[in-house]
Amino acid sequence: MTVCTRYAPSPTGSLHIGNVRSGLFAWLYARHNGGRFILRIDDTDQERSTRESLEEIVASLEWLGIDWDAGPPDRRYFQSSRFDRYREAAARLLREGKAYPCYCTPQELEAKRRQAEREHRKPGYDGTCRDKPYPPELALPDRAGGRNYTIRFRSPRDGQTVVEDLVKGHSVFQNSELDDLIIFRSDGVPTYNFATVLDDADFEITHVVRGDDHLPNTPRQIQIFRALGLTPPAYAHLPMVAGPDGKPLSKRHGATSVFAYRDAGYFPEALLNYLARMGWSHGDQEIFSKRELIEYFGFDACGKSPGIFNPEKLLWLNFHYLKERTPAQLAREVIPFIERRGYQVPGDMAWIEKMVATLRERAKTLVELVDFAHFYLSDDIRIDPKAAAKFLKPEIAQPLGALASAIAALPENCGESAVQQVFEQVLARFGMKLGQLAQPVRVALTGGTVSPGIYEVIAVLGRSRTVARLNRAIAQIGA
RNA sequence: GGUCCCAUCGUCUAGUGGUCAGGACACCGGCCUCUCACGUCGGUAACGCGGGUUCGACUCCCGCUGGGAUCACCA
């Protein structure tokens with residue numbers, strides 16, 4: 001039997017990184033085994049599902065390089081297009097006495113729950129309608145009819161249901177703990193646990209890979225599989241990802257969506273590598289290409305305990321992938337970020353490459369890189385007053401002037417070695433050390449005390465811009 | 001509260017009865033150096049507690065404690 005896994009997000013918001021990790025693991029498992037990976041859209045909740053969310057999910061997955069063998073835009077993989085199938089299955093269960101109508105109102109149920117809680121009993125459904133007679137051909141609730149009953153699954157009262165999980169191991173649930181859950185709402189919409197079972201069965205999912213928040217649902221789903229005469233799939237429940245405070249990862253922890261990381265200048269390789277590496281390991285290896293991830297992945301190497309999201313490590317990985325890129329590649333990728341930051345995008349790709357090459361080891365994301373490139377991308381640089389006070393003193397005006405005129409004699413696109421020669425001449429003439437001249441020059445050219453090597457900066461800036469900034473600084477000293 | 005899951009440095013983890021408990025991020029220090037980085041060398045830092053089993057437990061069993069998930073006409 002060929003392995004088939006699925007990822008089934010509901011299009012009710014952004015694609016969350018904790019959530020997409022489950023998808024990633026499911027995808028890795030399928031690819032590792034040469035199997036199929038299905039993207040299914042759990043949109044039974046028509047109220048909350050939106051087209052924008054769906055588009056974001058699809059785009060996020062594509063950006064990460066997680067591809068699917070079946071799924072959108074094929075409508076067959078949307079739950080909303082499978083309602084007939086769910087109705088048919090529910091009607092069958094009803095006929096066979098494996099499900100029954102429940103006439104309790106939401107208000108009554110709510111009252112019972114509160115009552116049970118007060119009396120320290122389990123809050124589950126008490127089975128009020130379980131044994132009431134009903135006509136075997138009773139109609140299912142439907143959207144138009146607005147019937148005043150729901151359909152509940154008649155779950156076995158005795159015995160136990162065992163979940164053999166590929167990551168969590170063996171878990172036993174007493175059937176007496178499991179109440180009769182609603183499989184069809186009074187508005188004719190099937191509920192999650194029911195629709196999921198039918199989807200997993202119909203699409204021939206062999207391994208259900210998902211977050212361990214679904215573990216308590218699993219015995220119920222197994223029972224539904226059995227009631228339908230179907231064999232349940234294998235399960236792999238992955239531990240969840242928490243924020244730095246140990247609480248479930250959410251908006252208040254900052255960026256949580258895949259898009260947020262993309263827009264913050266992270267690379268898909270870094271995010272993928274990071275997500276894979278939390279909750280899964282392969283010895284001491286930290287850096288994994290997609291190819292390696294697929295080759296090494298397995299549930300036996302997945303941890304059972306929840307992980308805490310560590311933004312610093314993600315940043316480090318991103319830095320790794322940034323350094324690994326060629327300047328040409330980086331130059332291409334940085335352009336949208338230059339644009340977004342409001343700079344005029346330089347037309348000369350070779351120049352952008354040169355610029356990027358000097359910044360590559362100083363920025364951890366594309367956004368940081370553009371921030372750092374301000375003095376390259378704009379002539380509107382502001383000289384930091386503290387830096388000026390420290391390095392742009394009257395006695396440096398003369399050496400700066402000498403340097404300016406020497407550079408003025410160079411060709412526009414002088415190389416680093418020519419710049420170095422000029423520096424050495426000026427240094428010798430004034431009996432200065434490199435540090436004494438480099439810092440003032442740095443302040444004059446970049447506005448601050450931190451930048452790439454000063455020869456590189458000049459080589460990238462070019463003769464005219466360098467000389468202009470030098471002269472401006474000299475003028476400022478004189479003033 | 002019931003049920004289920006989990007437990008090695010601050011964080012991600014290696015470890016499957018005998019290790020000075022290893023690696024990575026972060027942090028601290030040295031070196032490199034025109035600044036900042038990069039790089040490099042080194043350092044601080046962990047088996048939650050209590051019982052067993054065993055010649056010997058981080059590793060196996062039980063209990064405790066602590067965390068988490070879940071108990072909807074959401075998914």
Side-chain angles (χ1 to χ4, degrees), chain A residues 8-10 12 42-45 47-49 79 102 104-106 109-110 113 116-117 119-125 141 149-152 163 165 167-169 171-174 176-179 181-193 195-196 211-219 237 239-240 242 244 246-248 274 277-287 301 303-317 319 323 359-364 372 387 391 423 427 433-443 446 448-455 457:
Chain A
S10 56
T12 52
D42 279 14
D43 61 348
T44 50
D45 188 345
E47 297 290 298
R48 295 193 301 147
S49 296
Q79 288 188 326
C102 171
C104 301
T105 65
L109 293 171
E110 179 57 30
R113 245 193 310 277
E117 216 156 299
E119 294 169 13
H120 300 290
R121 299 188 339 262
K122 341 177 205 201
Y125 180 62
Y149 53 86
T150 59
I151 304 298
R152 280 187 191 271
V163 178
D165 195 88
V167 353
K168 298 281 187 172
S171 305
V172 181
F173 295 81
Q174 296 304 321
S176 54
E177 295 293 335
L178 273 19
D179 64 351
L181 46 67
I182 292 174
I183 57 176
F184 243 80
R185 313 195 318 201
S186 55
D187 63 359
V189 175
T191 57
Y192 168 77
N193 281 297
T196 288
D212 67 7
D213 51 336
H214 286 282
L215 195 49
N217 284 330
T218 307
H237 286 97
M240 309 280 286
K247 299 290 174 201
Y274 180 74
R277 191 57 192 70
M278 91 172 312
W280 172 81
S281 61
H282 182 71
D284 283 338
Q285 190 170 340
E286 295 288 350
I287 306 293
K304 298 176 176 187
S305 47
I308 289 177
F309 183 75
N310 182 197
E312 318 253 62
K313 189 150 183 179
L314 207 209
L315 209 49
W316 172 77
L317 275 166
F319 184 43
K323 280 185 295 184
L359 262 19
R360 198 159 43 152
E361 280 163 355
R362 277 160 252 261
K364 290 180 163 45
F372 216 128
F391 295 109
F423 261 75
L427 255 22
K433 292 175 121 177
L434 180 53
Q436 295 173 289
L437 183 59
Q439 274 309 79
V441 171
R442 194 182 318 276
V443 173
T446 72
T449 55
V450 172
S451 86
I454 199 66
Y455 306 144
V457 169

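Residue numbers begin at 1 in each chain, while the letters A, B, ... track the order of the sequences. No hydrogens, no waters, no symmetry mates; every other heavy atom, side chains included, goes into these values.
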Undergrad: Select base, sugar-phosphate, or nothing to describe what S171(A) touches, counting heavy atoms under 4.0 Å on all strands.
TA: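 Result for S171(A) = sugar-phosphate.
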
Undergrad: Sticking with atom C1', work out how far G42(B) lies from C32(B), rounded to a whole angstrom.
TA: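 Their C1' atoms lie roughly 15 Å apart.
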
Undergrad: Can a donor-acceptor pair be found, under 3.5 Å and without considering hydrogens, that links the side chain of Q436(A) to the backbone of K433(A)?
TA: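 Yes, Q436(A) side chain to K433(A) backbone: donor-acceptor pair under 3.5 Å.
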
Undergrad: Mind checking the P distance from A45(B) to U40(B)? Whole angstroms is fine.
TA: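 So the two P atoms sit 24 Å from each other.
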
Undergrad: Given G39(B), is OP1 or OP2 found less than 4.0 Å from the side-chain N or O atoms of K323(A)?
TA: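 Checking G39(B) against K323(A), a side-chain N or O does come within under 4.0 Å of OP1 or OP2.
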
Undergrad: Looking at T218(A) and H214(A), would you say the former's side chain and the latter's main chain have a donor-acceptor pair under 3.5 Å?
TA: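 Such a contact is found between T218(A) side chain and H214(A) backbone.
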
Undergrad: Going by purine N1 to pyrimidine N3 plus the second Watson-Crick contact, or the G-U wobble pair, all under 3.5 Å, which nucleotide sits opposite A72(B)?
TA: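 Across any shown strand, A72(B) pairs with none.
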
Undergrad: If we ignore hydrogens and angles and just use 3.5 Å, is the side chain of D43(A) paired with the main-chain N or O of S49(A) as donor and acceptor?
TA: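 Not a single qualifying donor-acceptor pair exists.
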
Undergrad: When all nucleic acid strands are considered with a 4.0 Å heavy-atom cut-off, which category describes V172(A): base, sugar-phosphate, or nothing?
TA: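 Since only primed, P, OP1 and OP2 atoms lie under 4.0 Å of V172(A), the category is sugar-phosphate.
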
Undergrad: Return the pairing partner of C36(B) with a 3.5 Å limit on both distances, Watson-Crick or G-U wobble; otherwise return none.
TA: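 No nucleotide pairs with C36(B).
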
Undergrad: Write down the partner of U16(B) under the Watson-Crick or G-U wobble criteria, each distance required to be under 3.5 Å.
TA: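 In the structure as shown, U16(B) has no Watson-Crick or wobble partner.
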
Undergrad: In the strands shown, is G29(B) matched to any nucleotide by a Watson-Crick or G-U wobble pair with both distances under 3.5 Å, and which?
TA: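 G29(B) is paired with C41(B).
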
Undergrad: I need the minimum non-hydrogen distance between E361(A) and F319(A), along with the two atoms involved.
TA: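 Looking at all heavy atoms of both residues, the shortest contact is O-CZ, 3.7 Å.
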
Undergrad: Under 3.5 Å, side chain of E119(A) to main-chain N/O of R121(A), donor-acceptor pair present?
TA: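 Side chain of E119(A) to backbone of R121(A), a donor-acceptor pair under 3.5 Å: no, none is there.
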
Undergrad: Roughly how many Å apart are U11(B) and G2(B), using the P atom of each and rounding to a whole number?
TA: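 That atom pair is separated by 28 Å.
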
Undergrad: How far does the P atom of A37(B) sit from the matching atom of G30(B), given to the nearest Å?
TA: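 Here A37(B) and G30(B) have their P atoms 13 Å from each other.
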
Undergrad: Of S305(A) and V450(A), whose closest RNA chain B nucleotide lies nearer the 5' terminus?
TA: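 Nearest-nucleotide comparison on RNA chain B picks S305(A).
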
Undergrad: How do F173(A) and G279(A) order along RNA chain B: which one's closest nucleotide is nearer the 5' end?
TA: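 With F173(A) and G279(A) compared, the 5'-side residue is F173(A).
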
Undergrad: Taking the same atom, C1', in A57(B) and in C38(B), what whole-Å distance lies between them?
TA: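 Their C1' atoms lie roughly 44 Å apart.
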
Undergrad: At under 4.0 Å between heavy atoms, what does K122(A) touch on the DNA or RNA strands: base, sugar-phosphate, or nothing?
TA: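 Result for K122(A) = nothing.
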
Undergrad: For H237(A), does its backbone N or O pair with a side-chain atom of D212(A) as donor and acceptor, under 3.5 Å?
TA: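 It does not hold such a pair.
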
Undergrad: Rounded to whole angstrom, note down the C1' distance from C58(B) over to A7(B).
TA: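 Comparing C1' positions in C58(B) and A7(B) gives a spacing of 12 Å.
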
Undergrad: Is there a donor in the side chain of S451(A) and an acceptor in the side chain of R442(A), or the other way round, less than 3.5 Å apart?
TA: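 Indeed, the side chains of S451(A) and R442(A) share at least one donor-acceptor pair under 3.5 Å.
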
Undergrad: Atom CG of L359(A) to atom P of C36(B): distance rounded to whole Å?
TA: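 So the two atoms are 16 Å apart, to the nearest Å.
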
Undergrad: Give the ring-plane orientation class for F309(A) versus Y274(A), where under 30° counts as parallel, over 60° as perpendicular and anything between as tilted.
TA: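 F309(A) and Y274(A): perpendicular rings.
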
Undergrad: What is the distance, rounded to the nearest whole Å, between atom NZ of K433(A) and atom P of U35(B)?
TA: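 Interatomic distance, NZ of K433(A) to P of U35(B): 11 Å.
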
Undergrad: Find every protein N or O atom lying less than 3.5 Å from an N or O atom of nucleotides 23-34 of chain B, and list the pairs.
TA:
from: G23(B); atom 1: N2; to: E286(A); atom 2: OE2; distance (Å): 2.9
from: A24(B); atom 1: O4'; to: E286(A); atom 2: OE2; distance (Å): 3.3
from: A24(B); atom 1: N3; to: K313(A); atom 2: NZ; distance (Å): 3.4
from: C25(B); atom 1: OP1; to: W316(A); atom 2: NE1; distance (Å): 3.4
from: C25(B); atom 1: O2'; to: K313(A); atom 2: N; distance (Å): 3.4
from: C34(B); atom 1: O2; to: R442(A); atom 2: NH2; distance (Å): 2.4
from: C34(B); atom 1: N3; to: I454(A); atom 2: N; distance (Å): 3.2

Undergrad: Distance between the C1' atoms of U59(B) and G15(B), in whole angstroms?
TA: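 Rounded to whole Å, the distance is 8 Å.
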
Undergrad: With both distances under 3.5 Å as the test, what is the Watson-Crick or G-U wobble partner of C9(B)?
TA: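 No nucleotide pairs with C9(B).
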
Undergrad: Would a distance-only check, ignoring hydrogens and angles, find a side-chain to backbone donor-acceptor pair under 3.5 Å from K247(A) to A242(A)?
TA: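 Answer holds: no.
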
Undergrad: Return the pairing partner of G50(B) with a 3.5 Å limit on both distances, Watson-Crick or G-U wobble; otherwise return none.
TA: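 With both distances under 3.5 Å, G50(B) matches C62(B).
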
Undergrad: U8(B) C1' sits how many Å from I308(A) CD1, rounded?
TA: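 Taking CD1 of I308(A) and C1' of U8(B), I get 14 Å after rounding.
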
Undergrad: Please round to the nearest 0.5 Å and tell me the distance separating atom NZ of K122(A) and atom OG of S176(A).
TA: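 If we round to the nearest 0.5 Å, K122(A):NZ and S176(A):OG are 5.0 Å apart.
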
Undergrad: Regarding R152(A) and the six-membered ring of Y125(A), is the cationic atom NZ or CZ under 6.0 Å from the ring centre and inside 45° of its axis?
TA: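 So R152(A) does make the cation-pi contact.
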
Undergrad: Rounded off to whole Å, could you give me the CH2-to-C1' distance for the W280(A) and U11(B) pair?
TA: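 After rounding, the gap between these two atoms is 19 Å.
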
Undergrad: Rounded to whole Å, how long is the line connecting atom CD of E361(A) with atom P of C38(B)?
TA: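 About 9 Å, once rounded to whole Å.
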
Undergrad: Could you state the atom-to-atom distance from NE2 of H282(A) to P of G15(B) in whole Å?
TA: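 About 11 Å, once rounded to whole Å.
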
Undergrad: If you apply the rule side chain to side chain contact (heavy atoms under 4.5 Å, CB included), what do you find for D45(A) with V189(A), and how did you get there?
TA: CA-CA 8 Å; D45(A) 188 345; V189(A) 175; over 6 Å; no

Undergrad: How does protein contact run along nucleotides 60-66 of chain B, one letter per nucleotide 5' to 3', with B for base contact, S for sugar-phosphate only, - for none, heavy atoms under 4.0 Å?
TA: -------

Undergrad: Keeping the roles fixed (side chain from T446(A), backbone from G448(A)), state whether a donor-acceptor pair exists under 3.5 Å.
TA: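 It does hold such a pair.
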
Undergrad: What string of B, S and - do you get for nucleotides 69-75 of chain B 5' to 3' if you count protein non-hydrogen atoms under 4.0 Å?
TA: SSBSBBB

Undergrad: When rounded to the nearest 0.5 angstrom, what is the spacing between CD1 in I183(A) and OG1 in T191(A)?
TA: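 So the gap between those two atoms works out to 7.0 Å.
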
Undergrad: When rounded to the nearest Å, what value does the distance between P atoms of G67(B) and A21(B) take?
TA: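 Per the computed distance, 30 Å lies between those P atoms.
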
